[in-house]
Amino acid sequence: MAHDPLRELPAVSRLLAHPRTERLLVRFNREYVVQGCRDILDELRSALSEGHAIDPSALEAESILAALESRIGEAHGVALQRVVNATGTVLHTNLGRALLPEAAVEAVLRAATQPVDLEYDLSRGERGKREQAIEELLVEITGAEAATVVNNNAAAVLLALNTLADGKEVIVSRGELIEIGGAFRIPEIMTRSGAILKEVGTTNRTHPADYESAISERTGLLLKVHTSNYRIVGFVAEAGLPDLVAIGRKHQIPVMEDLGSGALIDLTQYGVPKEPVVAERIAFGADIVTFSGDKVLGGPQAGLVVGTAALVNQISRNPLHRAVRCGKLTIAALEATLRLYRESANITNDIPALKAFTRPLADIEATARRALPALKKVLGPDFCLSVQDATSQMGSGALPTDEIPTKVIVVEHDRLGPNRIAERFRQARPPIIGRIHNERFLLDARTIFDPDDLVPNWGDGARDLPERLPLRRH
Ligand SMILES: *Cc1c(COP(=O)(O)O)cnc(C)c1O
């Protein structure tokens with residue numbers, strides 16, 4: 001009679017009765033362990049029925065429980081899995097944008113584990129204001145009269161439009177009707193805010209006179225949007241912020257700018273292409289400027305609003321502000337990050353995003369070269385590795401067309417295409433995310449500070465399971 005490996009799979013009850021399971025049941029509840037056993041048995045069953053060759057020892061209770069232990073232990077407490085960002089995109093939205101400065105991490109830990117004076121005035125022993133310290137720092141750093149903070153920049157834009165232009169027209173250039181990732185579109189946000197979009201100009205050319213001739217008694221706001229994730233080039237004209245400010249003053253209409261990734265310092269001094277600086281936009285006379293906390297600023301996800309005291313106060317008092325306010329962890333991280341802008345002796349070292357943007361090419365190359373020997377060893381002789389010139393991106397819409405010179409490790413293989421190589425690197429623990437450019441798989445060393453991070457570890461937790469088995473996570 002033909003031997004049927006399916007019949008050799010242990011039953012769940014046998015796995016549960018196994019002494020190895022006892023240890024798991026000290027930490028994990030029974031339903032969770034049972035589900036884990038079922039998942040692995042299901043995976044083995046479907047692998048067998050698809051005809052995969054599986055080592056008979058992998059079907060034994062001992063191996064199944066070993067696989068379960070490594071899987072369950074790994075998933076335990078890790079809702080967000082660590083990955084290695086070798087994409088070269090410093091602020092990768094899909095990988096969580098900015099990494100926090102050390103000081104911010106400490107502040108988050110403090111606020112997470114101890115009571116803090118979040119809304120408590122220590123001198124008077126009464127209720128205090130939640131965002132006070134952040135507002136003071138933002139005022140100091142940007143030169144604006146007042147500031148407030150909400151959950152993200154999308155919320156900041158929504159809240160500002162609702163406060164300043166509910167039921168009124170907002171004049172925007174047709175060249176600035178942006179969509180950014182996650183379905184944030186200016187026309188749609190405008191509708192939800194209660195404001196009425198009044199488009200002027202054309203996709204490629206908008207003149208100051210276009211704004212001025214659209215002004216009527218219905219106008220509530222002139223809006224400028226930083227086209228952060230694309231550029232219109234060629235036969236183009238754009239009304240600058242100073243033009244809009246002049247028109248706004250003449251007609252007594254406020255001017256708002258959505259900067260997206262507003263920089264707090266001018267990065268051109270470090271050889272990085274120009275990204276608009278918030279203080280400069282305030283100096284140009286913008287009444288309100290909104291920007292993100294986790295883009296070029298390099299802090300936690302947040303939406304920052306700076307501007308005139310009168311308008312910022314209206315925005316802070318809008319009941320919607322309460323619905324989009326920041327949690328204490330954000331406030332802790334943001335305050336610590338902003339303090340660095342005021343106090344740090346070496347800002348491009350203390351803020352990881354700035355460190356990655358301004359990193360010397362020789363340093364990036366040294367990291368790539370140091371990773372080569374171990375990488376060669378792990379990958380074996382079928383792979384061909386070389387360090388080459390390439391360009392990295394700031395990401396999150398900042399400087400979409402200006403690329404920054406970098407060094408990459410090109411990973412090639414005789415038979416495996418770049419997609420297959422990328423997939424193998426994603427299967428490492430932690431997963432290594434590179435990028436594919438011109439049909440080649442690249443590991444960009446710009447955001448890698450420890451060469452070992454570029455060396456994949458394929459682990460051995462599920463060694464006995466076939467390679468293609470989908471390792472489901474709980
Ligand atoms: C990124 C961006 C936003 C949205 O900011 P979030 O902080 O991601 O909500 C809005 N407007 C512009 C111009 C942006 O670049």
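Treat the numbers as computed from the prediction; the structure is a model and nothing was measured. Each ligand, and each atom within it, is numbered from 1 in the order the structure gives.
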Could you work out, for atom 10 (C) of ligand 1, the closest of I178, I186, N153 by heavy-atom distance? N153
Sort out for me which residue in R281, H226, K224 forms a side-chain hydrogen bond (donor to acceptor under 3.5 Å, both in side chains) with E257. R281
Are any of the N/O atoms on S292, whether in the backbone or the side chain, positioned under 3.5 angstrom from an N/O atom of ligand 1? yes
A student checking ligand 1 against I180 at a 4.0 Å heavy-atom cut-off should list atoms 1 (C), 2 (C), 3 (C), 4 (C), 10 (C)
Under the rule for side chain to side chain contact (heavy atoms under 4.5 Å, CB included), what residues qualify as partners of A144, not counting sequence neighbours? T142, I282, V306
Between S344 and N346, is any side-chain donor less than 3.5 angstrom from a side-chain acceptor? no
Those residues that, when tested against R124, pass side chain to side chain contact (heavy atoms under 4.5 Å, CB included) (two or more places apart): D121, E126
Contact between V157 and ligand 1, counting heavy atoms under 4.0 Å? no
Please identify which atoms of ligand 1 are closer than 4.0 Å to at least one heavy atom of A154. 4 (C), 5 (O), 6 (P), 9 (O)
Any side-chain donor paired with an acceptor under 3.5 Å for R446 and S392? yes
4.0 Å heavy-atom contact, E176 with ligand 1: no
Just by distance, with hydrogens left out, do D39 and Q35 show a side-chain donor and acceptor under 3.5 Å apart? yes
Side chain or backbone of K295 under 4.0 Å from ligand 1, or both, or neither, by non-hydrogen atoms? side chain
Which ligand 1 atoms are under 4.0 Å away from a heavy-atom of H226? 13 (C)
Side chains of R435 and Q393 only: does a donor on one sit below 3.5 Å from an acceptor on the other? no
Is it the side chain (CB and beyond), the backbone, both or neither of E257 that lies under 4.0 Å from ligand 1, heavy atoms counted? neither
Please determine if S261 has a nitrogen or oxygen closer than 3.5 Å to a nitrogen or oxygen of ligand 1. no
Cut-off 3.5 Å, side chains only: do E275 and S261 have a donor facing an acceptor? yes
Which ligand 1 atoms are under 4.0 Å away from a heavy-atom of F184? 10 (C), 11 (N)
Here the atoms of ligand 1 under 4.0 Å from any heavy atom belonging to R97 are 6 (P), 7 (O), 8 (O)
